[in-house]
Amino acid sequence: MPRLREVPSDEVTDSLTRYFYDRLFSPDREGTATGSPGTWWTVFALDPRILKHCVQGFQLYRSGGLDPLLRELGQTRAGWARQSQFVYSQHCKQLRALAVPEEKIAAVAAWQVSEHFGELERAVLAYTDGLVLDGGRVADEVFAVLKKHLPDEQILELTYVTCLYEMHATMSRALRLEFDDRPEPIVEVPAPDEFGNRDITDDFAR
């Protein structure tokens, strides 16, 4: 379950929050229409100011000039790179809504060796990795391809949207929201009981 309290419907007094609760949650269905539990909304409803700021960010990028395919490639890869099952899953759905073939969606995970992406798409995916995995360290060669195809305004938009969704991916994991409500995957695998507390390097001593 999420690490913060969820706001139940009968506690909602903010009009914008009420709008989204009414739009997203149905009395005859658990969770949202996409199959997610909806806990991003019910936890962010704790502070309507923050919820409003987030929603305004969503509206901003949907009104921009960047090709939606490039935007969604960046968002999907950001979810995958930040290991957010929620952000990755939601934006795979968005790619599908743009009529992107299934094999191309699946190839986002291993884009470096895929033949499904053109020059600009590869640059967008490489740029996303630079932003998310390398903390903003982007090779000049990658940026040169972006500059070849996109005006500065759209590169700025791509940068903002990709970093925005890295933030959402990070918050979703930290708060265990939606599909990121899952156990820590890196845990010790115990040795057999008979191993005891021996020094493991003893097995390799000569």
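Each residue takes its place number in the sequence, starting with 1.
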Which pairs of donor and acceptor atoms, one on a side chain in residues 186-194, lie under 3.5 Å apart (sequence neighbours left out)?
none

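- Ring geometry for F25 against Y21 counts as perpendicular: the plane angle is over 60°, on a 0 to 90° scale with 30° as the lower cut.
- Not one N or O on the side chain of T32 forms a donor-acceptor pair closer than 3.5 Å with the backbone of G38.
- The environment of E103 atom CD is dense: over 12 non-hydrogen atoms of other residues, nucleotides or ligands sit within 6.0 angstrom.
- Figure legend: cation-pi geometry between R198 and F195, with NZ or CZ positioned under 6.0 Å from the six-membered ring centre and within 45° of its axis.
- Between the side chain of T162 and the backbone N or O of L158 there is at least one donor-acceptor pair closer than 3.5 Å.
- Atom CG of D10 sits in a crowded spot, with more than 12 heavy atoms from other residues, nucleotides or ligands closer than 6.0 Å.
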Validation: residues 138-145 side-chain donor-acceptor distances under 3.5 Å, sequence neighbours left out:
none

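- At distances below 3.5 Å, not a single donor-acceptor pair connects side-chain atoms of R3 with backbone N or O atoms of R176.
- With hydrogens and angles ignored, the 3.5 Å screen pairs a side-chain donor or acceptor of S89 with a backbone N or O of Q85.
- No more than 12 heavy atoms of other residues, nucleotides or ligands sit less than 6.0 Å from atom CZ of R23.
- Heavy-atom contacts from other residues, nucleotides or ligands closer than 6.0 Å to NZ of K93 number more than 12.
- A donor-acceptor pair under 3.5 Å is absent between the side-chain atoms of S84 and the main chain of G79, judged by distance alone.
- Under a cut-off of 6.0 angstrom, the local environment of CZ in R49 is sparse, with at most 12 non-hydrogen atoms contributed by other residues, nucleotides or ligands.
- The backbone N or O of G118 sits less than 3.5 Å from a side-chain atom of E121, completing a donor-acceptor pair.
- Between F58 and W40, the ring-plane angle classifies as tilted under the 30° and 60° cut-offs.
- Note on ring orientation: taking the six-membered ring where Trp is involved, the planes of H168 and F44 are tilted (angle from 30° to 60°).
- The main-chain N or O of E72 is never found under 3.5 Å from a side-chain atom of Q94 such that the two would form a donor-acceptor pair.
- At least one donor-acceptor pair under 3.5 Å links the side chain of R77 to the backbone N or O of V108.
- Residue E119 places its CD atom among more than 12 non-hydrogen atoms of other residues, nucleotides or ligands, all under 6.0 Å distant.
- Side chains of L73 and W111 form no contact here, defined as non-hydrogen atoms less than 4.5 Å apart.
- Counting only distance, with no hydrogens or angles, the side chain of R82 and the backbone of V132 share a donor-acceptor pair below 3.5 Å.
- With no hydrogens or angles considered, no side-chain donor-acceptor pair links R5 and T42 at under 3.5 Å.
- Judged as a side-chain hydrogen bond (donor to acceptor under 3.5 Å, both in side chains), and not counting sequence neighbours, Q83 has no contacts.
- Side-chain atoms of Q154 come within 3.5 Å of backbone N or O of G65 as a donor-acceptor pair.
- With a 6.0 Å radius and a threshold of 12 heavy atoms from other residues, nucleotides or ligands, R137 has its CZ atom at or below the threshold.
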